[in-house]
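This report refers to the structure that appears directly beneath it.
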Amino acid sequence: MFALVDGNNFYVSCERVFRPSLVGRPVIVLSNNDGCAIARSNEAKALGVRMGHPWFQCKDFERDHGLVALSANFALYGDMSERMMVVASSYAPRQEIYSIDESFLDFTGVPGDLVVMCRDMRARILQWVGIPCGVGIGPTKTLAKLANYISKTTERKPGSYPQKLGQVCHLGAISQDELHAVFAATDVGEVWGVGKRIGAQLREGGVSTVLDLVRLDASTVRRHFSVVLEKTVRELQGTQCIEVDDQPAPKQQIMVSRSFGHAVTKGRDLATAITEYTSRAAEKLRGQGSAAGAIVVFIRTSPFRKDDPQYSATVTVPLLRPTADSALLATSAIAGLRGIYKAGFKYAKAGVMLVDLQSTDMQQGELDFDALETPPGHDREVDQGVSGSALTCHQSGQRGRAKLMSAMDAVNGRYGRGSLKLAGAGLEIDRKGWAMKQERRTPQYTTCWGDIAVVRA
DNA sequence: TCTGGGGTCCTAGGACCC
DNA sequence: TCTGGGGTCCTAGGACCC
């Protein structure tokens, strides 16, 4: 059996831990630049705020309904996530951290009543971390995911499902008839793996509930749709097709991109931003022990500003050799930027992507042909005896850079991100024109000494 | 004025190989 | 009349997830 544990309205719940006055009120958390809603309390959902709802379109709720909107505080959410994951992990032999607020637990071989254990886990996470969770249990990950949805819906809209399926919902512990009733009452679009497109296609073919989907023949689904949806159907039927992955492989690509707080027109500002993003991407790269073979740079105007001239460009810059060196990567990125930048446009967003990633301990050795050139006055035959040193010399240079990078990471780890950075990433004053807008950010209560909460007697 | 930032997997089609 | 039969690798694009 598998369980999916996830924090309810996670970002909002994190904020409520430190501002209990927000409990019971409509609250949303906004994306970067305070652009749109990315988390909503149940009260905010009830008001009709959608996921991804642009803030400027729902601002009126602030005045009319007391909606509280906060800027995203990812330092806080990341830290709260870790705390929640640690508690959850103590309940099962294996855990897959699936996203910032969700983890799968694999209970294979664990004796005892899972519902009782999961209720205990839920209570402990609530008490120790302060985050309310929903737990779904099922014989496959897809069913656990569905169970989790049902547990939430039972809480949020009483009467949708039997009350016993609230908070902790175990789809493997109810009768076949009950299970089918649950399937029949659930829209096919709620299934993990069925998105907007596939959902519409299914409905067109008369498959509108989970029950309709479960009753399809899996191999027919493969022919009409894809192997992906076939797996989904089999998982709903109770056959495990998707494993719990508790040792995720290193990422195959690393992206850092941001929309700007204000439109950017100067190449110089774009260069500052690209340098900063590259630097951040390189930190992530080193964090997973990889080196990049190429860097992709992109810039674009805002597709929402239809009256402005539009421009969007991407360039891939191959690197001479794979590297995780921030400075080398930034130099290449800027070279790429020079190739695609055009003056006269209002840029809204830029980003970099590190690709062709490989492990640093698997790196190809190489001969440095420059060092192998026979210097004048030397006998080639004689010098060949020392040709191995060219390689050694080159590699020791690389090791020096690697040490520099780990020193940089250590300083930033201890004194905070950005304490030590590339000159090209600019000072605060250089970023004024385009830095991200975060007008409603709460303190970093758990990760910054200066922001720690004070209890008054 | 104002619209996020990441990722993964699969498939189809083209280039190229023998 | 009639023009093989496999393969692999790469890329772009689509679909999904949070």
Side-chain angles (χ1 to χ4, degrees), chain A residues 4-7 9-11 28-40 49-60 62 69 71-74 77-78 81 96-104 141-142 145-146 148-149 188-202 222-232 235 241-243 245 248-263 277 280-281 284 288 293-294 296 298 300-308 314 316 318 346 348-357 436-440:
Chain A
L4 179 77
V5 193
D6 83 332
N9 314 325
F10 186 65
Y11 298 164
I28 58 174
V29 171
L30 300 171
S31 64
N32 281 338
N33 285 312
D34 298 342
C36 57
I38 53 171
R40 306 157 295 154
V49 181
R50 299 182 314 270
M51 189 66 176
H53 205 139
W55 171 230
F56 74 91
Q57 284 177 9
C58 50
K59 221 168 188 163
D60 287 350
E62 191 176 31
S71 301
N73 184 347
F74 291 112
Y77 312 149
S81 167
E96 172 185 343
I97 294 175
Y98 180 65
S99 76
I100 193 164
D101 72 324
E102 287 173 74
S103 70
F104 285 102
K141 284 169 82 174
T142 304
K145 199 73 167 127
L146 191 68
N148 181 278
Y149 165 78
V188 72
E190 302 299 341
V191 173
W192 188 39
V194 176
K196 233 174 152 184
R197 281 307 255 281
I198 306 281
Q201 284 177 47
L202 284 170
R222 181 185 198 135
R223 255 180 289 123
H224 286 38
F225 293 88
S226 69
V227 59
V228 183
L229 193 65
E230 181 200 9
K231 281 186 185 174
T232 300
E235 284 242 321
C241 301
I242 307 172
E243 301 285 323
D245 183 8
K251 303 251 178 281
Q252 295 175 39
Q253 54 182 49
I254 291 174
M255 172 137 93
V256 174
S257 73
R258 296 280 182 276
S259 296
F260 301 126
H262 301 279
Y277 303 163
R280 179 75 195 105
K284 293 190 196 177
Q288 66 164 28
V296 179
F298 74 88
R300 67 164 170 80
T301 52
S302 170
F304 298 107
R305 302 180 59 106
K306 295 202 165 57
D307 296 339
D308 285 353
T314 304
T316 303
K346 292 181 184 164
K349 183 173 179 171
V352 299
M353 198 157 74
L354 301 178
V355 294
D356 293 348
L357 305 192
M436 211 159 65
K437 200 160 72 182
Q438 284 190 313
E439 286 165 359
R440 304 151 168 269

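Quick note: numbers below take in every heavy atom, side chains included, and nothing from hydrogens, waters or symmetry partners. Every chain is numbered from 1, with letters handed out A, B, ... down the list of sequences.
Using a 4.0 Å heavy-atom distance criterion, A:Arg280 is classed as making no nucleic acid contact. Residue A:Ile198 is in sugar-phosphate contact alone, with no base atom involved, counting any heavy-atom pair closer than 4.0 Å across all strands shown. When heavy atoms are screened at a 4.0 angstrom cut-off, A:Gln252 is found touching the sugar-phosphate backbone but no base atom. Residue contacts shown for A:Lys196 are limited to sugar-phosphate atoms, with no base heavy atom under 4.0 Å away. Here A:Lys251 lies in heavy-atom contact (under 4.0 Å) with sugar-phosphate atoms only. When heavy atoms are screened at a 4.0 angstrom cut-off, A:Val355 is found touching no nucleic acid atom at all. A:Asp101 comes within contact range of the sugar-phosphate backbone alone, with a heavy-atom separation under 4.0 Å but no base atom that close. Among the protein residues, A:Leu30 comes within range of no part of the nucleic acid, since none of its heavy atoms lies under 4.0 Å from any strand.
Side-chain contact between A:His53 and A:Arg40 is absent, with no heavy atoms from C-beta onward closer than 4.5 Å. Within the 4.5 Å cutoff, the side chain of A:Gln252 has no heavy atoms near those of the A:Leu357 side chain.
A search for side chain to side chain donor-acceptor pair (under 3.5 Å) contacts involving A:Asp245 returns nothing, not counting sequence neighbours. Under the rule for a salt bridge (charged side-chain N to carboxylate O under 4.0 Å, His left out), the partners of A:Asp6 that lie at least two apart in sequence or sit in another chain are A:Lys152. Under the ring pair (Phe, Tyr, Trp, His ring centres under 6.0 Å) criterion, A:Phe260 pairs with A:Trp434, not counting sequence neighbours. With sequence neighbours left out, the salt bridge (charged side-chain N to carboxylate O under 4.0 Å, His left out) criterion links A:Glu190 to no other residue. Applying the salt bridge (charged side-chain N to carboxylate O under 4.0 Å, His left out) test to A:Arg280 and every residue at least two apart in sequence or in another chain returns A:Glu283. Under the salt bridge (charged side-chain N to carboxylate O under 4.0 Å, His left out) criterion, A:Arg197 pairs with no residue at all, not counting sequence neighbours. In this structure A:Phe74 satisfies the ring pair (Phe, Tyr, Trp, His ring centres under 6.0 Å) test together with A:Tyr11, A:Tyr77, sequence neighbours excluded.
Each of A:Arg258 and A:Lys59 has a nearest nucleotide on DNA chain B; the 5'-most of these lies closest to A:Lys59. Sequence order on DNA chain B of the closest nucleotides to A:Ser259 and A:Ala249 puts A:Ser259 first from the 5' end.
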*How would DNA chain C look in dot-bracket form, 5' to 3', counting Watson-Crick and G-U wobble pairs with both distances under 3.5 Å and writing | for bases paired to another strand?*
....||||||||||||||
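From the 5' end on, the contacts that DNA chain B makes with chain A at under 4.0 Å to a non-hydrogen atom open and close at B:dT1 to B:dT11.
C:dC17 sits 15 Å from B:dG4 when the C1' atoms are compared, rounded to a whole Å.
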